[in-house]
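Remarks on the structure that follows.
Keep in mind it's a predicted model, so treat the numbers as computed, not measured.
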Amino acid sequence: MKILGNKKAVMPIAIAAVLAFGQQPARAQGLFDMLFGGGIRHNPQGEFPPPPRPRKMQPGTGGGGSVRISSPTYNTYRADRLVRIDFKSLLPAPQLATAQDAAFVPSVTGSAFRDALAGLSDFELFAEPDIAKALVAYYSANPDFIWVTGDAPNSRAQDAVRVLGEAASYGLTPADYSVDVPAATTAATPEERTKELVRFEMALSARVLRYAHDAQSGRVDPNRMTGYYDFPAKPLDLEGVLRTLAHTQEVRTYLESRHPQNPEYQALRVELESLEASEENEIVVDPKLLLKPGESSPELPKLLTLIARNLDDEMGGDYGEVLARLGKSEVYDPELVPVIKAVQQRAGMKGDGVIGPRTVASLAGTSKADKIGKVRVALEELRWLPSDLGSPRVFINQPAFTASYINNGEEKLKTRAVIGKVTNQTAFFYNQIKQVDFHPYWGVPQSIIVNEMLPRLRGDPGYLDRAGYEVTDSSGRRIPSAAVDWGAYGAKVPFSVRQQPSEANALGELKILFPNKHAIYMHDTPQKSFFERDMRALSHGCIRLQDPRGMAAAVLGTSVDDIAEKLKHGHSTENVTRVIPVYVAYFTAWPDMSGKVEYFDDVYDRDSKLMQALDATEAVRTPSS
């Protein structure tokens, strides 16, 4: 729900308190129902009748009944083309010999490197533009080998090549970093050997820089994929990488340190290794299975076998005996219902005990290949985030429909969440929590004003006055809704609309803000029934919490009782004084706090779009391209 409070019209606290607990504005529920669904409906036909036929607009008025504010789109990803590295500036310029030159004796290493540079005159090496630029700049300022000692690759080079060859363990593609290593012995002439070594030097440096960049920031630029992605750049001093590697023997340690250094990344790596070593699922359960207690199906023993295989100590202690006794039964015995409910709840479902397609999918519906794909995607996405995720932090995983407060490696709070509908998707970004609003106002986003309110307001301009909404102009002056000629406006409405605190307020009793350009935040909601659904992509883009008081208490470092007391006093705001990053994330594979990776449906179909971007990047990097 893209919602932003209006800061230009702040009412005195005493008046706000009266509004918070005063009589519900007449017919406010109707607009609320239309926008958010559910609730008490006064009119079975719906509060919003079809909008009247748009009246003919006068030239220059800017109106139009069909104008809408559209959501971000997904782009066909186009990776930057590689460029041929221009080594001309490194090549020695031909000079006439002088007596002074004859007297000058350069260092052995520097001389060998300068002599070798002639071997680059016709060398075709391609790299990303920033890497090509950094490579030439580094060797111009530091004319010496990093990876070659004498007439062979040194131990530093051997370590680097090994690390690049292990790229697949991080979900990367080893071919992106492959380098032809000169053989230990060769029948080539000294001149040919020198040429071979200097070309190896440049190729390895180029691929090491690519690896360091990919490990730190990922292979694709997420912000170029869609407006739903919003990540700050993660600058990497490419020349500095080469300077560091030229002065250390700890090449492996340095290159591996470019990857995210958090337990989640490591857990995903372990999962990837385990999946690739495992056999394909040999137990296949009917994905359309629907089974209620007392019914029978030959598919049930298969499902129970999968459950028994993945029992941890807690589940085993609670249900191991029942599974051992009834694991072969085709009858869904009532004793098995608690087992199924526990499995459903651990998978983020409501735990109703009915075995349906989602329960089957959580246990047997994801193939080995699909899981590997999800883990690789998750590893790439984690590279977009800070290496250290921070503590404390709030982590929202949209495909899991959950929000968690994590501190000192413990999940102190985990609550169900509602995210944006497919047509109003929640963005993927991170920020910092700043404040908590008690009994908040709801600043209606322009997209909702234009797309959903304006059609009615053209025929009923006084509706917002009756429904308890405030309308203000660009200077913050409050004006009656009935005084606005709503039919004169299209996609740009020069007015702000906000809903007063009340029982009908779309934000409920709490709002937790982390200012961002998407106007997304966490909040309460009157629509509690939404949390009983398994698929909770139901909002206009904001994050609705099942336990907003618990989350407010967590970020403010206080108790739920204290939050309840503050709510008794009407509208107020409290700043969050600690640094608490919040991740509005999107991972279809994500480890729980014990390191066990869980899998979720790709509700927005974003994984396939990222795979397209990765494929486009690979296509550019392949030698044939």
Show, in sequence, the C-alpha distance, side-chain angles and deciding distance for Val161 and Leu164, and conclude whether the side-chain contact (heavy atoms from CB on, under 4.5 Å) test is met. CA-CA 5 Å; Val161 170; Leu164 300 188; 5.7 Å; no
List for me each residue that meets side-chain hydrogen bond (donor to acceptor under 3.5 Å, both in side chains) alongside Gln266, sequence neighbours excluded, and say none if there are none. none
Shortest non-hydrogen contact from Val603 toward Ala537: CG2-CB, 3.9 Å
Residues 395-415 vs salt bridge (charged side-chain N to carboxylate O under 4.0 Å, His left out), sequence neighbours excluded, gives Glu410-Lys412
Atom pair CZ/CZ of Arg383 and Arg258 - distance to nearest 0.5 Å: 14.0 Å
Minimal non-hydrogen separation, Ala506 against His523, with atom names: O-CE1, 3.7 Å
For the residue pair Arg224 and Tyr77, would you count it as a cation-pi contact if the rule is NZ or CZ under 6.0 angstrom from the ring centre and within 45 degrees of the ring axis? yes
Distance to the ring centre below 6.0 angstrom and angle to the axis at most 45 degrees; does that hold for Arg606 and Tyr228? yes
What do you reckon, is NZ of Lys528 surrounded by more than 12 foreign heavy atoms closer than 6.0 Å? yes
Would Asp80 and Glu128 count as a side-chain contact (heavy atoms from CB on, under 4.5 Å) if you check the C-alpha gap in whole Å, the side-chain angles of each, and the deciding distance to 0.1 Å? CA-CA 7 Å; Asp80 290 334; Glu128 291 76 7; 6.0 Å; no
Contacts of type ring-ring contact (aromatic ring centres under 6.0 Å, His included), residue Tyr332, not counting sequence neighbours: none
Is there side-chain contact between Phe531 and Thr525, with heavy atoms separated by less than 4.5 Å? yes
Cation-pi geometry met for Lys609 and Tyr74 (6.0 Å, 45°): yes
Please, which pairs that meet side-chain hydrogen bond (donor to acceptor under 3.5 Å, both in side chains) have at least one residue in residues 316-325, sequence neighbours excluded? Glu321-Arg325, Arg325-Glu335
Side chains of Glu271 and Tyr599: any donor to acceptor distance under 3.5 Å? yes
Within residues 580-596 or reaching into it, pairs that qualify as salt bridge (charged side-chain N to carboxylate O under 4.0 Å, His left out) - sequence neighbours excluded: none
Contacts of Arg207 that satisfy side-chain hydrogen bond (donor to acceptor under 3.5 Å, both in side chains) - sequence neighbours left out: none
With sequence neighbours excluded, tell me which residues meet ring-ring contact (aromatic ring centres under 6.0 Å, His included) with Tyr583. Tyr430
Considering all heavy atoms of both residues, which atom of Pro293 and which atom of Gly353 are nearest to each other, and what is their separation? CD-O, 4.2 Å
His259: what forms a ring-ring contact (aromatic ring centres under 6.0 Å, His included) with it, not counting sequence neighbours? Tyr170, Tyr211, Tyr265
Correct closest heavy-atom pair for Arg578 and Pro392 would be NH1-CG, 3.8 Å
I'd like to check the side-chain hydrogen bond (donor to acceptor under 3.5 Å, both in side chains) partners of Arg219; sequence neighbours left out, ordered by chain and number. Glu380
Is the distance between the ring centroids of Phe428 and Phe231 under 6.0 Å? yes
Would you say that more than 12 heavy atoms from the other residues, nucleotides or ligands in this model lie under 6.0 Å from the CG of Asp180, or not? no
Going by side-chain hydrogen bond (donor to acceptor under 3.5 Å, both in side chains), name the pairs with one or both residues in residues 385-394, residues two or more places apart or in two chains. Glu264-Arg393, Ser391-Asn407
Under the ring-ring contact (aromatic ring centres under 6.0 Å, His included) rule, collect the residues that match up with Tyr604, sequence neighbours excluded. Tyr586
For the residue pair Leu238 and Asp130, what are the closest heavy atoms and their distance? CD1-O, 3.7 Å
side-chain hydrogen bond (donor to acceptor under 3.5 Å, both in side chains) contacts in which one or both residues fall within residues 286-300, not counting sequence neighbours: Glu299-Lys302
